[in-house]
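Encoded as structure tokens, the structure appears first; notes follow it.
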Amino acid sequence: MHPETLAVHAGQKSDPMTGAIAAPIYLSTTYERSVDGSFPSGFEYSRDDNPNRRNLEVCLAALEGGAEAITFASGMAAITAVIESLPDDLPRRLVLPDDIYFGVRSLLNETDIGKRFDWDVVDMTNLTAVREACSKPTGLVWIETPSNPLVKIVDIAAIVQVAQEAGAISAVDNTWATPLLQRPFEFGADLIVHSLTKYIGGHSDVMIGAVVSRASGPQNLALRAIQKHKGAIPSPLDCWLALRGIQSLAPRMQAHCHNAMEVARYLSGHAAVSAIHYPGLPAHPGFAVASKQMKSFGGMLSFEVVGGRNEAMAVAGALQLITRATSLGGTHTLIEHRASVEGPDTKAPESLLRMSVGLENVLDLIADLGQALGQIDQHAR
Ligand SMILES: Cc1ncc(COP(=O)(O)O)c(C=O)c1O
């Protein structure tokens, strides 16, 4: 079945007890044993497994075309689990993209995980640099494309091949693309990670993450053990909300992509904008690779305002419809000054604003950007 159909049907049969089309939310933490001590429903205790979680995991595995999905309390809990579950026979060294989501850098710099692993950071748009980094013993190669916040595009097939030659596991953070736009397993990746908090939840009202694996194997068992025993699980309501979000993912992604493309075209011609980062524009350095590996170019973009930090902050401050807030993938268009959010270690230029283009009418978004940028333009003259 096509992804659009799987999004509505996988893991989403009518409730066997009542025929309800929308699944009940199973809040029970515990399940009844039979006289012989067995669990006839297959459920025992909610940290181990829960019907809403299982439905979501079935759907995610089907959507990505993987063997198994394992959900966690947030995208960061999923990322942590991937690093911690790295098989013992692999080197404790990670190769990471320079534009990786800054939360991963904080995880390594500020928690004990950073003491247990070494890592190198490379520009993954430069294949020679990736090969060089992988010439040292490497356990995990991390791919994030499109990247956060510079919207860089990485050639998944090429990087996965380098990782395979190095004997390393490859993991792709597919949060910004979603399974509807990009299918990393088709390029040979071993693991896919999602912050389901973003497009998959889709309404800025649930925090949840997942790891999907291409094949069954020892790392899946290790991931399950982390989920079960370390206990960073999503609640039944979180799982229910994420699965409800998936049902409308396909048309939402179409609308996000359409709106982002229109906004990018508008910004690329504006005198107060010095750079625009959107892979759907032919001038973007990743356009050819994005056209090859993505079905459409996504709903995220960033742009740089002529001037610097003050001008970027002034544009964000002058917006009346577009909301100043972090995160992405919801119905509302959000904008933020990434350098302020990420702090002193940021790689984001001070003049950069990141936008998650939402589902409003794009003409209203363009009008709002126009009036805000117009104010800067006037000051500059
Ligand atoms: C690409 C990417 N990966 C992972 C995360 C972390 O997800 P969460 O906030 O659900 O922990 C984020 C959050 O913004 C993200 O943008």
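Counting starts at 1 for both ligands and their atoms, in listed order. Please read these numbers as outputs of a predicted model, since none were measured by experiment.
- Among all protein heavy atoms, the one lying closest to atom 6 (C) of ligand 1 is Tyr101 CE2, 3.4 Å.
- Evaluated by nearest non-hydrogen atom to atom 13 (C) of ligand 1, the leading choice among Glu144, Lys198, His194, Met207 is Lys198.
- Of the residues Arg105, Lys347, Arg354, the one that meets the salt bridge (Lys or Arg N to Asp or Glu O under 4.0 Å) test with Glu342 is Arg105.
- One finds a salt bridge joining Glu84 and Arg116 here, because a Lys/Arg side-chain nitrogen approaches an Asp/Glu carboxylate oxygen to under 4.0 Å.
- For atom 11 (O) of ligand 1, the closest non-hydrogen atom of the protein is Met76 N, 2.8 Å.
- Under the 6.0 Å cut-off for aromatic ring centres, Tyr278 and Phe303 do not qualify, their centroids lying 6.0 Å or more apart.
- Ring pair Tyr31/Phe43 is tilted by interplanar angle, where 30° to 60° counts as tilted.
- The only member of Thr125, Asp99, Asp173 that meets side chain to side chain donor-acceptor pair (under 3.5 Å) when paired with Ser147 is Asp99.
- Near Trp176, the atoms of ligand 1 lying under 4.0 angstrom from a non-hydrogen atom of the residue are 1 (C), 16 (O).
- Near Asp173, with a cut-off below 4.0 Å to any heavy atom, the atoms of ligand 1 are 1 (C), 2 (C), 3 (N), 4 (C).
- Every N/O-N/O distance between Ile79 and ligand 1 stays at or above 3.5 Å.
- Interface atoms of ligand 1 facing Asn148, defined by a heavy-atom separation under 4.0 Å, are 16 (O).
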